[in-house]
Amino acid sequence: MFKKVLIANRGEIARRVLFTCREMEIATVAVYSDVDRRAVHVLEADQAVCLGAADPVESYLNIDKIIAAARETHAEAIHPGYGFLSENAGFAERCAKEGLVFIGPPARVINDLGDKITARNIMIKGNVPVIPGMIQSESDPAVLAEKATEIGYPVMIKASAGGGGKGIRIVNTPEELQASCEAASREASVAFGDGTIYLEKFFTRAKHIEFQILADGHGNVVHVLERECSVQRRHQKIIEETPSPSLNPELRAEMGSAAVAAAVASRYVNAGTVEFLLDENNTFYFLEVNTRLQVEHPVTEMITGIDLVRQQLEIAAGNPLILSQDDIVARGHAIECRVYAEDPANNFMPSPGKIAYMQEPTGPGIRNDCGVYSGFEVPVNYDPILSKLVVHARDRETCLPRMVMALKNYILLGIKTPIPFLIDVLESSPFQKGQIYTDFIERHFSEWQPRLVEADMARIAFIVDEMNANRRKKTAVLSEQTVSTPFATLGGWRL
Amino acid sequence: MFKKVLIANRGEIARRVLFTCREMEIATVAVYSDVDRRAVHVLEADQAVCLGAADPVESYLNIDKIIAAARETHAEAIHPGYGFLSENAGFAERCAKEGLVFIGPPARVINDLGDKITARNIMIKGNVPVIPGMIQSESDPAVLAEKATEIGYPVMIKASAGGGGKGIRIVNTPEELQASCEAASREASVAFGDGTIYLEKFFTRAKHIEFQILADGHGNVVHVLERECSVQRRHQKIIEETPSPSLNPELRAEMGSAAVAAAVASRYVNAGTVEFLLDENNTFYFLEVNTRLQVEHPVTEMITGIDLVRQQLEIAAGNPLILSQDDIVARGHAIECRVYAEDPANNFMPSPGKIAYMQEPTGPGIRNDCGVYSGFEVPVNYDPILSKLVVHARDRETCLPRMVMALKNYILLGIKTPIPFLIDVLESSPFQKGQIYTDFIERHFSEWQPRLVEADMARIAFIVDEMNANRRKKTAVLSEQTVSTPFATLGGWRL
Amino acid sequence: MEYKLKINDEIKTIETTAEGDDTIKVSMEGEDVDVAYTLVSDHRIHLNIDGVNVNAFVMDGPDGKTVLINGVAYLVEDVQTTRAKKKGSGSQTPTEVTPITPSVVISVPVDVGDRVKKGQGVVVLSAMKMETTLAAPFDGTVARVNVAEGESVSPGQILVDIEADEAESSAGEDKNSKHEYLNNIK
Amino acid sequence: MEYKLKINDEIKTIETTAEGDDTIKVSMEGEDVDVAYTLVSDHRIHLNIDGVNVNAFVMDGPDGKTVLINGVAYLVEDVQTTRAKKKGSGSQTPTEVTPITPSVVISVPVDVGDRVKKGQGVVVLSAMKMETTLAAPFDGTVARVNVAEGESVSPGQILVDIEADEAESSAGEDKNSKHEYLNNIK
């Protein structure tokens, strides 16, 4: 096993990797940008190397600097986490060239699966069902219009190099097609440096079900069950759970086999996730493979007892999988809520700022993979995830109140969070019944505002606090972050 | 199910019960003494009733006041936690008389098993192996001397009404016998109001293995596997784990059956724990039944996924067990460390006081059942337990570094804790090898002092802190609690 | 003491009388409640309101206090004190080009002298991977651009000064070629 | 700055030179190290000592600072400043009957006028369910009993005043009948 690993990421996921490394007695090297000197991963790693300016291009996306940091600290391997360089084939290749182990799939696999069209073709050859759509990218409007008619509206425009909901457009009528294709291509171009697009059938009432896979360098492949990730806002998952309330054992086995087939077809190595779309007739289609550790990996860990980061490290070190498919058995139910610095009542606008006070929920079956702390200033420069709150209980019915309780006991002052929104979603009748589709939020919660049922208690708390105001150290009053304006409009997501 | 439950306890165990009640949508009533107004169970319960003065007799042991609190708040049932009134048959009886459900076994069972001699006789009739020893209590020195010779030295003097290590004496030679019997009787008299004693064979290299049992009111009984609790200081457990490194599947099945037989023989109802002694030849003997939730119950919950408090509530409400013996399967390994307010370098002397700062460890597989918080003043009047730190991992080998990491990340300033001691125990070779006997601490750690390997770093931290001393709100300097004196000697434990 | 406390546009008048240590009597719009409280920490208050226990977490802000109860944050303003302090800002329609949240400037698709229409994008910002476009609050002419690409900006900071037309102009063609870059998907 | 810092009887002399913001040079007994630090919170300091990262949690106390590193608490005393402050107490043999820790008095097995021998129990205390017996520090006569059963007492408080014999007496029978109540199991 490696003696030292560099973690090329920040916040909660860097800390997550750090935990497992420490347990395996692997020394850790954190890297950080100028604004992250006080970030948890820097405080907790054995060593930390400053990369440079806040802009990711100068720090977390800067391959040369990261390689230099690994050299300087004599790290043997690099864990990329998720986001940043985790699905960058060039980075994986560079690591290999430098004699460093990239903890993830080989560059070839990242390349093949990163190009959505290539991935579709691999899956078709591997007998993995794919969504009706184009098998090559296109820029000719006439061809696109013809294909769209062939597939049948609504269609979805996707970026060939895409991921994370970027460069995606849904087109309902032929009239919108051309403008949408141009916009999507432009957005993809900005986000990925590649404006290539293609079309797929769009399913209005679909579910997003994904399977965790593990594949070693010796030809062993297993799937580690599914995750239900249909609850999304702006194509980004916010609540994930496992087992999926939509699968029965037969369908689970069938989709699990397809996930393994996808891994085999792409000659996959390390941990990955095969994403499927499940339509209302329980027919499933391959969507894409995420060639990295997934944000929502903890729900799988909770129900299987498997440490996925440890598996990644073992595989990267060349060890064979010790798990066989029969060893992988679910126990109970797990749910994850992503807690972002954002305002759920205002279109999920980011809400960076200083965390004046934080208190994490605790209790049996509660895990909070957290990247921030009281007094930490959440930087404006990166993804707004603060933590992933995960609960585990014997079944879904028990899991739901446990998560609601945990959310109510999760105190974050100084920034806005989706906590009240998440509570309302979890307590809603369609969620409780498992009627979850990718349009869940738009359908049920598009005009969501917090229910201010305890306003009178809040007024009383105000008065009591005011009467005892002198007990608190006077801190500089935080700057205004609450005014909503109709003149701010949301744009696309940047990498 | 009950609509409202009164929790007749305090601190971490009251909070533990509260968590499950909340998940089951059962309203909670906390009770508290004058010094506990700021205690966690008071802050987190739906309602709280003040019982009276700090002295347990005026509050947590005061049956009349607790019954009145239950009446006043219309609670339907009372959960006694552990300690205090949890094994008080009179309290259970009084609850029944008042139409309140006591969440624990019937008074009859508590009575029978609370008297160690009666319990021994029940077990002998039920074919549960007992330790060679007397089957009735005795006060005649001549008879005691004769019995001791019959049993063979060393012998152990035990209080018939005993528990928690009180009233216990080990006698190695006939000369010591009479004085020890007198001292033990006196101590038992003070602790339990009953000076009755008896003799048992003493095993120098024994292990303490206990089995969790669950029995409903419909005749269903299961065991929920074992806990290894051999690491004890002053006859009090400090580290518990499951599975026991000493059991193989055959022995586990055999002892589990004996535990079920013990439950059946005593007509047990609700959750309980059958304690066994395991000698060097892997022969096991019945020790006693604890007729309540055990401090160390979380390790069982971690490996089985069963919420034992929920089981207690279901059984108390008259529902049949939905678990069969085959449903109870271990996954992974779990360890618990008890974190007390005490000084491990000074004979584990209690260290009450104000917690100036607390930071709980977090991470995958870590659970801290905690009854205190930053700013809380740990009262002098009760058991010094602060929290139970529990970790769960795939096997013992992985569990150990996870626990060490969690202990190192558990910050408590203002009081002394056994954390450095626990780390040294966990990292010691005999513990790592599972060579754990009840004399473990005396044998390996009797002269323990902290290893001050990072003293130079501490000096540097002092300087940096001093240079920036003005950043901290000036708080009243805590009173001196560190001087050790040879003139303080330890006495017995009070209930 | 009398308080006039506003939450989400609803103002309630509250009379308080101190009772003993850590207890007050509260009369809210005619209804009387007894409140016992424990100051648990700097930010946490435990309340017992007519027998019901509540944990409130409180923080001061420029517009009042944020009170967090059971996962929901309430912004509570003291109308008596805040009315004087604030100068007609609040939640009215903005008249200035300023970010909602601390951000980094991605691009400024207008130049000094450009004519802009109400609603036209004038600054593109990024905060935490999400892009936001700030639009002109009225028809007018760009008088000054105060920021450049890559700069960090904060709420309250005026990024672009626009001189309003005398009257709301109804004409005004879209002469900014970079405008296509912006897409309103709201 | 020069510090003389004592941990567990070992005193080291340390010279410090401020370097830049949040960095100092430390010379400890002739060895030089570079220290960069981050003040994470009131009690937490992150140190980088010659490239090695350490998290230290620090609290002020009457005898110096408690520094917690990797689970181990170090009591660090500044000998230069504390020597003046303290008056010869410390860890010498105690000469007063005072509790180690806040406790409740269970019983006082001596009366005023009783002759006591060194080591004889004079007060039984309880702290957190554990009983402790305080013993006479020398042979003498009980001059005053300052506490009663059930009272809460703190370190530093003199519970029983004992007037020492002129010379160490060698006789002195055990005339206190309650003495049997005490048992030394150490």
Side-chain angles (χ1 to χ4, degrees), chain A residues 55 183 186 341-342 347 349-353 356-357 359 380-384 407-408 410-411 413-414 416 419-420 423 450-468 471-473 477-495, chain C residues 3 5 7-8 10 12 14 16 24 26 28 35 37 39 42-43 45 47 49 54 56-63 65-76 91 93-94 100-104 119 124 126-135 137 152 154-156 182-186:
Chain A
D55 187 335
R186 211 157 42 227
E342 66 183 17
N347 233 317
M349 286 292 291
S351 169
Y357 179 75
Q359 188 178 303
V380 60
N381 317 78
Y382 312 112
D383 188 275
L407 286 167
K408 287 184 179 174
Y410 195 174
I411 312 303
L413 292 177
K416 293 183 188 297
I419 287 173
I423 292 170
R451 292 173 298 121
L452 304 178
V453 291
E454 280 155 336
D456 286 348
M457 289 176 177
R459 288 186 175 91
I460 292 171
F462 179 105
I463 292 169
V464 171
D465 191 71
E466 191 65 20
M467 288 168 61
N468 299 280
R471 80 191 195 283
R472 202 148 51 220
K473 225 195 299 194
V477 147
L478 293 169
S479 60
E480 171 71 57
Q481 289 177 25
T482 51
V483 181
S484 147
T485 150
F487 288 98
T489 56
L490 303 176
W493 287 77
R494 293 169 61 234
L495 188 63
Chain C
Y3 294 85
L5 299 183
I7 296 178
N8 227 19
E10 190 185 10
K12 288 197 181 177
I14 302 162
T16 62
I24 50 170
V26 169
M28 195 183 302
V35 177
Y37 63 87
L39 303 168
D42 279 3
H43 291 286
I45 297 171
L47 297 169
I49 303 175
V54 188
F57 294 83
V58 189
M59 190 189 83
D60 295 315
D63 276 341
K65 294 177 192 287
T66 299
V67 179
L68 193 61
I69 295 176
N70 283 322
V72 178
Y74 299 83
L75 177 63
V76 189
S91 52
T93 306
I100 296 168
T101 193
S103 313
V104 174
V124 182
S126 166
M128 306 177 114
K129 282 175 70 186
M130 194 169 85
E131 285 187 14
T132 310
T133 300
L134 297 182
S152 292
S154 304
L182 308 166
N183 44 72
N184 294 21
I185 62 159
K186 172 131 182 202

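Numbers restart at 1 for each chain; the letters A, B, ... are given by sequence-line order, proteins then strands.
With a 4.5 angstrom heavy-atom cutoff, C/V54 touches chain A only via side-chain atoms. In this structure, the portion of A/I423 lying under 4.5 Å from any heavy atom of chain C is its side chain and not its backbone. Contact annotation for A/E466: both backbone and side-chain heavy atoms come within less than 4.5 Å of a heavy atom of chain C. With a 4.5 Å cut-off on non-hydrogen atoms, C/F57 touches chain A through its backbone and its side chain both. Proximity to chain A (any heavy atom under 4.5 Å) is restricted, for C/I49, to the side chain, taken from C-beta onward.
For the pair A/F462 and C/V58, the minimum side-chain heavy-atom distance is 4.5 Å or more. At a threshold of 4.5 Å between non-hydrogen side-chain atoms, the residues A/M457 and C/V67 do not count as touching. The shortest distance between side-chain heavy atoms of C/I7 and A/D456 does not fall below 4.5 Å.
Across all non-hydrogen atoms, the minimal contact from A/R459 to C/E10 is NH2-O, 2.7 Å. Shown here for A/M467 and C/Y3, the closest heavy-atom pair between the two residues is CG-OH, 4.1 Å. Listed here is the closest heavy atom pair of A/A461 and C/A56: CB-CB, 3.6 Å. Across all their heavy atoms, A/V380 and C/S103 have their closest contact at CG2-CA, 3.5 Å. Scanning all heavy atoms of the two residues, the minimum distance from A/P350 to C/A127 falls at CG-O, 3.2 Å.
With values rounded to the nearest 0.5 angstrom, C/L75 atom CG is found 10.5 Å from A/L452 atom CG. Here the CD1 atom belonging to A/I419 is positioned 12.0 Å from the CG atom belonging to C/N70, to the nearest 0.5 angstrom. Note that OG of C/S152 and CG of A/N381 are 6.5 Å apart. Values are rounded to the nearest 0.5 Å. Rounding to the nearest 0.5 angstrom, the gap separating the CG atom in C/L39 from the CG atom in A/D465 is 8.0 Å.
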Between A/N468 and C/Y37, does the side chain to side chain contact (heavy atoms under 4.5 Å, CB included) criterion hold? Intermediate values first, please.
CA-CA 11 Å; A/N468 299 280; C/Y37 63 87; 3.6 Å; yes
Applying side chain to side chain contact (heavy atoms under 4.5 Å, CB included) to C/V35 and A/I463, what does each step give before you reach the verdict?
CA-CA 11 Å; C/V35 177; A/I463 292 169; over 6 Å; no
Intermediate values then yes/no, side chain to side chain contact (heavy atoms under 4.5 Å, CB included), A/K408 and C/I69
CA-CA 8 Å; A/K408 287 184 179 174; C/I69 295 176; over 6 Å; no
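Listed options C/V76, C/I24, C/L68, C/I14 were ranked by heavy-atom pairs under 4.5 angstrom with chain A; first place goes to C/V76.
For A/Y357, the ring-ring contact (aromatic ring centres under 6.0 Å, His included) test picks out C/H43, with sequence neighbours left out.
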